[in-house]
Amino acid sequence: MSFPTHRPRRLRQSPAVRRLVRETHLAPSQLVLPVFVREGLTEPVPIGSMPGVVQHSLDSLRRAVADAAAAGVGGVMLFGVPEVRDARGSGADDPAGILNVATTAVAAEVGDALVVQTDLCLDEFTDHGHCGVLDDRGRVDNDATLERYAAMALAQARAGSALLGLSGMMDGQVGHVRAALDEAGFADTILLAYSAKYAGAFYGPFREAVDSQLKGDRRTYQLDPGNAREGVREALLDADEGADIVMVKPALPYLDVLADVRAAVDIPVWAYQVSGEYAMIEAAAAHGWIDRRGAVLESLLAIRRAGADAVLSYWAVEVAGWLDSGARA
Ligand code: PBG
């Protein structure tokens, strides 16, 4: 009879031992809640493809963000849904535009209890639904879009956003926005670069959430799903342009990219658990095919394990509550 020399099971024998040797932890402070606010609403409106997520009115948004702060989540990321759209996305840098108005309201509501963040992209505000302005041949015009992003950045910083999420995937957007902010005296405004943002099918429910006008796709600016090295290259370029934080998106289908980016940069790396990831787990759980809480916690833990310092997740507040009550992730 020979006995095993190595017994890895020794460290799995009880909850106390497992807790002591666990390599990765989840904490409320590592979660950021994305929220949608729609102009003109007096009551929140449910989003069919994202059960449990709503388009907020200004009032319900204030309450949701106060709840997020009370739950201890690290931040909220605001997305605005305007009533009127045009080709250049004028609502984006209008101080009276819904996103900027909501930002000021939320910043006044929560103060420094969490980090108030805003999506910096034109797609919710353009009548064609693209993330930038179009040239005379209908293509997304990179450099003309940078000017729009700079104006949007100033409007958001003035409205009280502490962190701008550059999600448009235009070349040079980080450097351009950084320069515009610095010149206007906003040296402290933090830039989160959605560096490795992949074009794909997982944003479907989000398009409903923001009432997207997009026909076609974003493949001339978002990354091709087959490319991992290119994701790392984008993160390195963004870090070089002055990004404070870089991001990989979607999260679960791109854990390899997340791990590669983590190894390549020395600034924080975040991941966005997107609407499609949310919808898949919710739908399976609604059928009784998957344990909802277990799957949610495991998905977030996996994203953290792969290298994300923080995660944007529509479950942020609910998960923070679970963690507080001792759930193990
Ligand atoms: C673009 C943006 C998108 C998402 C966040 N920012 C949509 C897109 O690129 O089409 C998707 C987020 C999600 O699916 O949860 N401003």
Side-chain angles (χ1 to χ4, degrees), residues 31-38 47-55 75-82 85 89 91-93 97-99 117-133 140 145 148-149 152-153 156 161 163-170 173 177 191-225 231 234 245-254 270-283 296 299-300 303 308 311-316:
L31 301 171
V32 174
L33 178 73
V35 285
F36 303 104
V37 56
R38 181 164 152 198
I47 299 163
S49 52
M50 300 177 75
V53 180
V54 301
Q55 294 178 327
V76 288
M77 173 64 78
L78 272 58
F79 293 90
V81 186
R85 299 177 163 92
D93 56 318
I98 181 62
L99 180 54
Q117 320 178 11
T118 45
D119 183 55
L120 201 166
C121 191
L122 285 174
D123 62 318
E124 286 95 32
F125 297 94
T126 52
D127 54 11
H128 45 73
H130 275 294
C131 293
V133 291
V140 174
T145 299
R148 300 290 301 125
Y149 286 0
M152 198 174 176
Q156 294 186 351
S161 178
L163 182 154
L164 313 185
L166 290 105
S167 66
M169 290 298 285
M170 293 301 122
Q173 62 184 11
V177 163
L191 294 186
L192 161 67
Y194 286 49
S195 302
K197 178 172 179 181
Y198 286 86
F202 289 99
Y203 309 137
F206 177 92
R207 304 258 167 99
E208 180 191 345
V210 299
D211 187 21
S212 173
Q213 306 297 303
L214 183 70
K215 293 175 194 69
D217 59 55
R218 307 196 196 284
R219 291 182 190 278
T220 69
Y221 41 106
Q222 297 180 351
L223 289 170
D224 188 288
E234 286 275 11
I245 303 164
V246 291
M247 185 142 82
V248 175
K249 173 187 178 184
L252 217 50
Y254 294 89
W270 290 8
Y272 197 141
Q273 183 176 53
V274 302
S275 58
E277 299 177 70
Y278 178 89
M280 287 193 297
I281 291 180
E282 287 292 339
V296 168
S299 67
L300 286 165
I303 294 163
V311 187
L312 274 75
S313 172
Y314 299 99
W315 289 300

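As the structure lists them, so they are numbered: ligands from 1, and atoms in each ligand from 1. Throughout, numbering of the chain's residues begins at 1 and tracks the sequence.
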(Q) Taking only non-hydrogen atoms of Lys249, do any sit less than 4.0 angstrom from ligand 1? (A) yes
(Q) Just to check, does Tyr278 reach to within less than 4.0 Å of ligand 1 when the distance is taken from its heavy atoms? (A) no
Taking heavy atoms and a distance under 4.0 Å, where does [X] meet ligand 1: side chain, backbone, both or neither?
X: Asp119; value: side chain
X: Ser275; value: both
X: Asp123; value: side chain

Q: Quick one: pull up SG in Cys131 and OH in Tyr149 and give me the separation to the nearest 0.5 Å.
A: 5.5 Å
Q | Spacing of Leu164 atom CG and Leu191 atom CG [to the nearest 0.5 Å] | A | 5.5 Å
Identify, by atom number and element, the atoms of ligand 1 in contact range of [X], meaning under 4.0 Å from any of its heavy atoms.
X: Glu124; answer: 16 (N)
X: Gln222; answer: 8 (C), 9 (O)
X: Cys121; answer: 16 (N)
X: Ser167; answer: 1 (C), 6 (N), 16 (N)
X: Tyr314; answer: 12 (C), 13 (C), 15 (O)
X: Tyr272; answer: 12 (C), 15 (O)

For [atom], grab the closest protein heavy atom and report residue, atom and distance to one decimal in Å.
atom: atom 8 (C) of ligand 1; answer: Arg218 NE, 3.4 Å
atom: atom 1 (C) of ligand 1; answer: Lys197 NZ, 3.1 Å
atom: atom 12 (C) of ligand 1; answer: Phe206 CD1, 3.2 Å
atom: atom 10 (O) of ligand 1; answer: Arg207 NH2, 2.6 Å

**Q.** Stacked cation flag Lys197 on Tyr272, 6.0 angstrom / 45 deg
**A.** no
Q | Residue list, side-chain hydrogen bond (donor to acceptor under 3.5 Å, both in side chains) with Thr118, at least two apart or on another chain | A | Gln156, Ser161
Q) Are side-chain N/O atoms of Ser299 and Glu277 paired as donor and acceptor at under 3.5 Å? A) no
Q.
To check you understand the geometry: which heavy-atom pair defines the closest contact between Gly168 and Cys121, and what is its length?
A. CA-SG, 3.7 Å
**Q.** Heavy-atom closest contact (Ser313 atom, Gln273 atom, distance)
**A.** OG-OE1, 2.8 Å
Q. Knowing that exactly one of Tyr314, Phe206, Phe125 qualifies, which makes a ring-ring contact (aromatic ring centres under 6.0 Å, His included) with Phe79?
A. Phe206
**Q.** N-O pairing of Arg218 and Asp123 below 4.0 Å
**A.** yes
(Q) A side-chain contact here means heavy atoms from C-beta on lying under 4.5 Å apart; do Glu282 and Trp315 qualify? (A) yes
